[in-house]
2 protein chains.
Amino acid sequence: MDVTGHTTSSRPKAASIRDVAKAAGVSHQTVSRVINGSSKVKEATRDRVLAAVEELGFRRSATAVALAHGRTRALTVLTGNTTLYGYAAVLQGIEEASRAAGMSLAISVLESDEETAVRAAVEHAVDDSGALIVIAYDKAGVQAQRMIPEDVPHVVAVETPADDEGRQRPWIWTDDRAAAAEATRYLLGLGHRTVHYVAIPLLTESSPRAAGWRTALLEAGAPVPEPLGDGWDTKAGYEAGRMLAADPSVTAVLCGNDDLALGVIRAMHEAGRAIPGEVSVIGFDDAPQSAYFTPSLTTVRLDFAGLGRACFSLLHDQIAEPVIAPHLIIRESTGSPA
Amino acid sequence: MDVTGHTTSSRPKAASIRDVAKAAGVSHQTVSRVINGSSKVKEATRDRVLAAVEELGFRRSATAVALAHGRTRALTVLTGNTTLYGYAAVLQGIEEASRAAGMSLAISVLESDEETAVRAAVEHAVDDSGALIVIAYDKAGVQAQRMIPEDVPHVVAVETPADDEGRQRPWIWTDDRAAAAEATRYLLGLGHRTVHYVAIPLLTESSPRAAGWRTALLEAGAPVPEPLGDGWDTKAGYEAGRMLAADPSVTAVLCGNDDLALGVIRAMHEAGRAIPGEVSVIGFDDAPQSAYFTPSLTTVRLDFAGLGRACFSLLHDQIAEPVIAPHLIIRESTGSPA
DNA sequence: CTGAAAGCGCTTACAG
DNA sequence: CTGAAAGCGCTTACAG
């Protein structure tokens with residue numbers, strides 16, 4: 001009737017399987033068969049359904065499919081950062097692998113390590129996708145990992161494996177400790193009296209890069225200077241670099257990542273200290289730019305993308321349909337022929 | 001019976017709202033009220049429900065909620081890359097904004113610009129989340145954008161707005177053209193006879209950075225050299241840089257991004273050409289490292305994160321519940337008092 | 001080859 | 001304040 005004001009909703013409601021069924025003059029189950037490529041549909045029926053699908057612009061609802069199937073093909077990664085090289089490269093590896101497996105990838109950034117914020121992110125992620133990967137290279141990630149309910153499939157990329165109050169966790173890590181020790185020994189082998197360390201933020205005193213560095217120094221009987229650094233980025237490296245540049249006894253510096261190394265190099269340059277003439281610098285990660293610094297950077301290459309892929313496959317193993325193995329039960333009804 | 005082999009599914013089925021209801025001795029609607037914080041529930045009832053929730057480890061299914069509500073609070077971004085600075089920073093802006101709005105963020109990388117691959121990614125994204133942001137700074141992104149059905153809410157970050165066969169599209173862009181022109185004029189103003197350009201991959205001959213550069217040269221009556229470059233990364237810059245270094249007439253170089261500029265600087269350095277003494281170099285983007293190069297890089301700062309946030313809010317406007325405005329229909333039943 | 005029934009886990013009215 | 005009913009859009013058996 002003309003007396004009612006008409007309300008135009010901006011977006012027409014999407015066609016459902018039943019709308020298609022009606023348009024094609026079949027049941028909705030038949031539509032389901034067609035869109036799922038079941039072979040048991042008469043050619044003519046299929047064509048009518050397809051025509052209706054086309055005409056109505058039907059798109060099947062992924063959430064309805066997920067509900068009906070009782071599972072989501074989604075995975076979310078919880079990470080403190082997406083732009084720093086290491087994090088971004090791990091993410092890239094995860095993305096490649098999950099895409100190859102046909103899973104959707106959600107990402108949720110942990111902006112702070114404040115308890116309630118982290119908890120909110122974890123809970124959102126948990127009921128959003130049922131499977132998680134957390135990149136726990138910082139406090140926020142470590143916090144997040146502790147809050148994941150035991151029955152949620154998950155994998156954690158960690159600095160170093162550790163006992164988490166006795167719970168077994170699916171950790172993944174690289175042997176940064178050995179790498180840091182090797183880099184330190186290399187510098188020592190070059191004749192440096194000792195090696196200074198500009199750290200990425202330490203999760204614990206025994207963070208693997210720091211630990212490897214310290215171990216190598218102790219092994220060699222070299223003095224162990226106080227580590228510097230309080231950040232991940234170039235600026236933090238630059239600031240640490242200025243302190244080091246002011247100390248003429250400093251001749252070798254190991255850095256927790258390549259960004260820090262760039263900052264140190266810049267600070268040394270400003271202070272007029274030649275690299276590598278007067279001061280040697282080593283980075284960590286081998287970001288794609290590092291080979292093009294001036295001077296090009298000696299560094300430790302880490303296969304972050306490979307690590308990301310490994311995270312995914314470990315997770316995938318957890319969520320894959322368990323193969324129910326049939327067992328032969330041997331009782332009394334069988335025996336060798338007489 | 002003992003004759004059947006028993007099959008243990010590895011993961012116990014999660015508790016539903018009905019399981020909780022049964023455990024608490026109420027209806028499932030009441031459970032729904034409690035978990036949604038409805039006030040109209042008796043204290044005692046609420047407590048029993050909460051206890052059951054706790055005991056059963058109940059977690060509400062986001063997909064069921066989405067189905068019942070008829071909408072997904074999810075958004076997926078389609079992008080050709082996640083690690084290059086520009087892409088990563090846009091992504092970061094989108095992530096911040098969508099997290100603030102309580103929406104889930106999925107990401108799907110377009111690995112190639114091959115038609116079927118892109119189509120698959122778009123379709124997956126469409127029925128996965130119903131709302132899309134595409135970063136169309138490369139061919140894959142441009143392809144993807146063309147395949148998005150008209151009725152799917154979406155926003156596209158583009159190099160430059162263009163008519164897409166007449167369809168109006170929700171584009172977002174920055175004025176790179178003006179910025180490139182300004183940078184070029186700055187170099188010209190320094191006294192350089194002309195400015196060479198190392199391009200990021202060109203979408204069209206009139207890609208805005210290239211166009212701005214060319215315009216500024218023409219304006220000034222300066223010769224317009226052939227642009228170089230065939231990639232996004234430092235290596236591509238390095239290779240272009242070697243060609244430029246071999247040409248003694250080259251004194252100023254504008255680069256399509258900071259990574260390219262780093263490569264050019266490295267190549268110039270190797271060729272013994274001083275920067276900025278003999279050759280001036282300008283980048284684009286202002287990545288966080290660029291201020292710490294040696295020499296520190298003159299560049300064009302772009303607010304990628306802001307652009308990402310803008311993408312989100314434009315999208316959010318599209319998917320927000322349309323406010324249905326009531327209209328006063330004036331007919332014959334009303335008039336001024338006698 | 002095709003349809004009627006039941007269910008996935010929730011929410012939204014509607015009656016008490 | 002609380003429950004019975006219907007529905008969101010699909011899928012999985014089960015009968016023809």
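All chains are named by letter (A, B, ...) in the order of the sequence lines, taking the proteins before the strands, and each is independently numbered beginning at 1.
- The stretch residues 22-29 of chain A touches DNA chain D through A/His28, A/Gln29, each having a heavy atom under 4.0 angstrom from the strand.
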Once pairs are restricted to Watson-Crick or G-U wobble with both distances under 3.5 Å, how does DNA chain D read as a dot-bracket string, [ ] for crossings and | for other-strand pairs? |||.||||||||.|||
Start with the C-alpha gap between A/Glu123 and A/Met147, add the side-chain angles, then the distance that decides, and say whether side-chain contact (heavy atoms from CB on, under 4.5 Å) holds. CA-CA 9 Å; A/Glu123 282 175 0; A/Met147 294 173 179; over 6 Å; no
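- When the nucleotides C/dT11, D/dC10, D/dC1 are ranked by their closest atom to the side chain of B/Val65, C/dT11 comes out on top.
- Taking every side-chain heavy atom of A/Ala68 into account, D/dG9 is the closest of C/dG9, C/dT11, D/dG9.
- With D/dC10, C/dT11, D/dT2 as the choices, the nucleotide that has an atom nearest any side-chain atom of B/Val41 turns out to be D/dT2.
- The residue B/Arg60 sits close only to the backbone: its heavy atoms come under 4.0 Å of sugar-phosphate atoms, none of a base.
- At C/dC1, none of the side-chain N or O atoms of A/Thr45 fall inside 4.0 Å of OP1 or OP2 (strictly under the cut-off).
- In summary, the side chains of B/Asn81 and B/Thr83 do present a donor paired with an acceptor at a separation below 3.5 Å, with no hydrogens or angles considered.
- B/Leu56 meets the side-chain contact (heavy atoms from CB on, under 4.5 Å) test with B/Ala15, B/Asp19, B/Val20, B/Ala23; sequence neighbours excluded.
- No engagement by B/Thr63 is indicated, since no non-hydrogen atom pair under 4.0 Å with the nucleic acid exists.
- At a threshold of 4.0 Å, the pair B/Lys42-B/Asp47 does not count as salt-bridged, since none of the basic side-chain nitrogens sits closer than that to a carboxylate oxygen.
- Between B/Ser32 and C/dT11 there is a side-chain polar atom (N or O) within less than 4.0 angstrom of OP1 or OP2.
- Among the nucleotides D/dG3, D/dA13, C/dC10, the one closest to the side chain of A/Arg33 is D/dA13.
- Closest contact between the side chain of B/Phe58 and the listed nucleotides D/dG9, C/dC10, C/dT2 involves C/dC10.
- Nearest-nucleotide positions on DNA chain C place A/Arg48 closer to the 5' end than the other of A/Arg48 and A/His69.
- An OP1 or OP2 oxygen of C/dC1 is reached within less than 4.0 angstrom by no side-chain nitrogen or oxygen of A/Thr30.
- Side-chain atoms of A/Ser104 and B/His124 form a donor-acceptor pair, as typed in the model, at a separation below 3.5 Å.
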Apply the test side chain to side chain donor-acceptor pair (under 3.5 Å) to residues A/Glu43 and A/Thr45: give CA-CA distance (whole Å), side-chain angles for both, the deciding distance (0.1 Å), then the verdict. CA-CA 6 Å; A/Glu43 188 71 22; A/Thr45 318; over 6 Å; no
